[in-house]
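Structure first, commentary second.
Numbering of ligands and ligand atoms starts at 1, following listing order.
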Amino acid sequence: MRNLGIYIQVPFCQTKCTYCNFHTGVVSAGRFAPYAEAVCLEIREHQALLRAGGVKWSAENQVANSVYIGGGTPSLLEPTLLADMLNALRDSFHCAWEEVTLEADPETIEAEKAAQWAAAGINRISLGTQSFADQELKAAGRMHRREDIYHAVSVLHAAGIRNISFDLIAGLPKQSRESWLASLHDLVELSPAHVSVYMMEIDEGSRLGLEVLQGGTRYSARDLPSEEQMAEFYENAQAILKAAGYRQYEISNWAKPGFASLHNLKYWKREPYLGFGAGAHSFSGTQRWANAHDAASYVAAISAGRSAIENVERVSREQAFEEELFLGLRQLGGIDLHRIQREYSVNLEEKIGRLASAGMIELEGELVRLAAGKLSISNEVIVELLR
Ligand code: SF4
């Protein structure tokens with residue numbers, strides 16, 4: 001049996017963060033139930049809908065061992081709607097769930113909800129903490145404050161959910177060296193099982209991105225840290241998390257022993273995953289496809305018995321090779337050079353030798369990995385390998 005990951009996209013948020021350009025919308029709560037119903041229908045009818053969408057897929061010999069409900073802010077939904085989606089999965093796939101993650105924003109977490117999540121089978125929470133500094137959270141348009149994070153963790157622990165992941169963003173407006181170190185200090189004090197640290201990317205389509213381009217003061221674009229400061233923040237995180245017992249296993253991810261994300265590892269290892277919901281992406285090993293981004297169009301299509309799949313792409317051998325390098329080298333475990341050379345009939349020895357001499361990568365037997373101090377320039381190394 002092969003492992004399968006299931007992703008469910010919930011594209012709704014309470015407000016729009018200033019830096020965000022995801023396909024998520026702020027809608028009335030009345031839209032949640034019809035959306036969840038459409039997701040359940042898509043899950044139950046997945047075989048026919050995939051065929052209609054031009055995808056060759058069979059879940060035969062595959063066991064769904066991870067589920068990730070992401071967004072958006074899926075913790076906004078009534079827990080019964082989330083439970084319905086999980087039940088639809090149980091009815092439609094061979095399931096042996098080891099990890100069922102829900103993305104949640106701290107201010108949406110309440111005792112009753114958390115108890116219902118645990119009862120529905122959710123055993124991991126990915127908490128959108130982003131920062132512990134109230135002035136950064138406010139400037140970014142986040143709804144929660146530092147005290148909400150502490151409250152959320154105690155509520156989740158009381159509900160029996162101890163596998164919690166924190167997200168932090170390096171490079172928020174108004175972030176300083178002191179406030180970044182204070183956020184890392186608070187995080188270590190709360191001791192989550194898993195940590196993701198993302199470098200702020202300024203998207204031109206976000207309100208903050210527009211302000212960077214056009215000027216203005218509303219979203220604190222002038223208070224963005226510099227590239228050099230962000231690189232230093234990343235190095236601070238590496239050092240502090242390592243000292244606190246976390247192992248970095250991917251460019252943006254750290255975990256306590258045994259808590260690396262089973263689901264997210266599938267993306268980097270190119271293992272199959274099936275996505276449900278508006279804008280959800282899927283990968284079978286040989287094909288990639290995605291549903292329509294617009295939630296209303298998605299619900300209309302599924303409710304009418306039509307597939308919501310918009311893009312089906314066959315993954316060519318060249319693309320697969322590039323993905324192996326891009327995704328494989330994000331992991332600190334590295335890639336197996338022998339396997340890649342054999343599978344793709346390529347010879348990388350000379351380039352690898354050159355990059356190793358330049359201190360960009362490290363070799364350990366057949367394993368090739370980015371050198372510890374070069375993680376932030378991974379793209380340059382990969383481009384060199386593909387040349
Ligand atoms: S909560 Fe996440 S998805 Fe929603 S607006 Fe903020 S950054 Fe975007």
S220 side chain to D223 main-chain N or O, any donor-acceptor pair under 3.5 Å? no
Examine C17 and say whether one of its N/O/S atoms is closer to atom 8 (Fe) of ligand 1 than 2.8 Å. no
Is there a salt bridge (Lys or Arg N to Asp or Glu O under 4.0 Å) between R354 and E384? Walk through the geometry before answering. CA-CA 10 Å; R354 221 175 331 113; E384 189 61 32; 3.2 Å; yes
Can you say whether the rings of W289 and W57 are parallel (under 30°), tilted (30 to 60°) or perpendicular (over 60°)? perpendicular
Can you sort out which atoms of ligand 1 are near G72, meaning under 4.0 Å from one of its heavy atoms? 3 (S)
Near R142, which atoms of ligand 1 are under 4.0 Å from a heavy atom of that residue? 1 (S), 6 (Fe), 7 (S)
For ligand 1, which part of T15 has a heavy atom less than 4.0 Å away: the side chain, the backbone, both, or neither? backbone
Go through ligand 1 atom by atom and flag the ones less than 4.0 Å from a non-hydrogen atom of T73. 1 (S)
Could you tell me whether the side chains of R317 and S345 share a donor-acceptor contact shorter than 3.5 Å? yes
For atom 8 (Fe) of ligand 1, the closest protein heavy atom turns out to be C20 SG, 2.3 Å
Do Q116 and E112 have side-chain N/O donor and acceptor atoms under 3.5 Å apart? yes
With a cut-off of under 6.0 Å to the ring centre and 45° to the axis, is R146 in cation-pi contact with F132? no
Within the 4.0 Å heavy-atom shell around D105, which atoms of ligand 1 are there? 1 (S)
For atom 6 (Fe) of ligand 1, decide whether C13 has an N, O or S atom at a distance under 2.8 Å. no
